[in-house]
Amino acid sequence: IGAAPSWFLFLGIAVVFLVAWLLVDLRWTANLARQFAVTFDTFAGKADRDRRLADVDGVLYEFIERSRTVLPPTPQRIWIASDAPFFNGRAAYHLYPNDVHFAPRDRAMPDRQWVKPGDWLLVFNRRGVEYNPRNETLRWDGGAEVPAALKLPGNSAALFQFK
């Protein structure tokens, strides 16, 4: 008879644990169903291009589409810079098979020593980049000016070619 209370305690703890697990699992399932509905509404039944435009990087994808009309058909060396590392990686993905260079974990611009005439620079939502159209020079983060031509302006984006 002295052992019965410990079984009841164990059984009570087990029931509380299982009920808590069930509640967490139900919440997870509800969140999953809600996310499925949002994803379905956003992407279902759309063509590939429309799905890409509806995605979180849709504005970037649209700018890269326009950039491809300016870039030569042969693979080019392209530097990518954005304040958000996510967009650096996404831009690189959309620009392959070009020779794409970017900082995967920060907002770094290319080192001026590495930039060669003929290289391209795609800037997307990156502060600190200044273009002087009169002199056709580009500078970033207060550094020295580098000769460059603006090839494609965009909303919070630009495509340059270094001279």
Side-chain angles (χ1 to χ4, degrees), residues 1-71 73 75-112 114-115 119-131 138 140-143 151-160:
I1 293 200
S6 64
W7 277 104
F8 286 128
L9 180 62
F10 174 75
L11 186 59
I13 291 172
V15 167
V16 168
F17 176 77
L18 290 174
V19 167
W21 187 328
L22 179 64
L23 289 174
V24 169
D25 208 31
L26 287 173
R27 181 174 173 140
W28 179 85
T29 302
N31 286 342
L32 182 63
R34 203 170 29 253
Q35 183 59 50
F36 174 80
V38 168
T39 303
F40 187 83
D41 290 342
T42 304
F43 300 110
K46 293 183 178 177
D48 184 53
R49 180 180 185 277
D50 294 332
R51 280 194 308 258
R52 290 186 186 274
L53 292 174
D55 208 350
V56 295
D57 65 340
V59 174
L60 173 65
Y61 181 78
E62 187 273 331
F63 183 75
I64 289 176
E65 260 188 341
R66 290 190 299 124
S67 296
R68 285 189 176 281
T69 63
V70 175
L71 291 166
Q76 300 293 307
R77 187 165 126 155
I78 305 173
W79 301 92
I80 298 173
S82 174
D83 278 340
F86 168 79
F87 290 117
N88 290 339
R90 293 301 291 174
Y93 173 79
H94 293 309
L95 284 168
Y96 288 135
N98 289 291
D99 181 14
V100 182
H101 300 270
F102 67 98
R105 292 188 183 93
D106 61 24
R107 60 187 295 269
M109 292 288 288
D111 189 318
R112 287 166 183 80
W114 299 340
V115 173
D119 285 358
W120 295 80
L121 173 67
L122 187 140
V123 179
F124 183 77
N125 289 338
R126 173 65 163 77
R127 292 167 300 190
V129 178
E130 302 168 22
Y131 180 67
L138 184 66
W140 52 88
D141 301 332
K151 296 295 186 174
L152 181 66
N155 186 16
S156 298
L159 179 66
F160 299 96

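Any value given below was found using the heavy atoms of this structure, including those in side chains, with hydrogens, waters and symmetry copies removed.
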- [ ] Test L22 against L18 for side chain to side chain contact (heavy atoms under 4.5 Å, CB included), laying out the working first.
- [x] CA-CA 6 Å; L22 179 64; L18 290 174; over 6 Å; no
TODO: State, with a plain yes or no, whether a side-chain heavy atom of F63 is found less than 4.5 Å away from one of L159.
DONE: yes
Open item on the list: Just verifying a value: how many Å separate L53 CG and L60 CG, rounded to the nearest 0.5 Å?
Closed with: 11.0 Å
Open item on the list: Checking R68 now: which residues fulfil salt bridge (charged side-chain N to carboxylate O under 4.0 Å, His left out) with it, not counting sequence neighbours?
Closed with: none
Open item on the list: Using every non-hydrogen atom in the two residues, find where D119 and W114 come nearest and quote the distance to one decimal.
Closed with: OD2-O, 4.0 Å
TODO: Taking side-chain hydrogen bond (donor to acceptor under 3.5 Å, both in side chains) as the test, write out the residues that go with R105, two or more places apart.
DONE: none
Open item on the list: Under the salt bridge (Lys or Arg N to Asp or Glu O under 4.0 Å) definition, can you give me all pairs with a residue in residues 86-102, not counting sequence neighbours?
Closed with: D57-R90
Open item on the list: Does R66 have more than 12 heavy atoms from other residues, nucleotides or ligands lying within 6.0 Å of its CZ?
Closed with: yes
- [ ] Start with the C-alpha distance between L95 and L71, add both sets of side-chain angles, then the distance that settles side chain to side chain contact (heavy atoms under 4.5 Å, CB included), and finish with yes or no.
- [x] CA-CA 10 Å; L95 284 168; L71 291 166; 4.1 Å; yes
Task: Straight-line distance of F43 CZ to D48 CG, nearest 0.5 Å - done: 11.0 Å
Task: Any V56 side-chain heavy atom under 4.5 Å of F86 side chain - done: yes
Task: Distance-minimising heavy-atom pair for P85 and D106 - done: CG-N, 3.8 Å
Task: Enclosure of D41 CG (heavy-atom neighbours >12, cutoff 6.0 Å) - done: yes
Open item on the list: For K46 versus T42, what's the shortest heavy-atom pair and its separation?
Closed with: NZ-O, 2.8 Å
Open item on the list: Could you check whether R51 pairs with D55 (Lys NZ or Arg NE/NH1/NH2 to Asp/Glu carboxylate O, under 4.0 Å)?
Closed with: no
Task: Inter-residue atom distance I78.CD1 - Y96.OH, 0.5 Å rounding - done: 10.5 Å
Open item on the list: How close do S67 and L122 get, counting heavy atoms only, and between which atoms?
Closed with: OG-CD1, 3.9 Å
Task: Distance, nearest 0.5 Å, that separates OH of Y61 from OH of Y93 - done: 9.5 Å
Task: Stepwise side chain to side chain contact (heavy atoms under 4.5 Å, CB included) test for R126 and D141 - done: CA-CA 10 Å; R126 173 65 163 77; D141 301 332; 2.9 Å; yes
Open item on the list: On a heavy-atom basis, which atom in A81 and which in A108 lie closest, and how many Å separate them?
Closed with: CB-O, 4.3 Å
Task: Sidechain N-carboxylate O distance under 4.0 Å for R49, E65 - done: yes
Open item on the list: Walk me through whether M109 and W79 qualify under side chain to side chain contact (heavy atoms under 4.5 Å, CB included).
Closed with: CA-CA 8 Å; M109 292 288 288; W79 301 92; over 6 Å; no
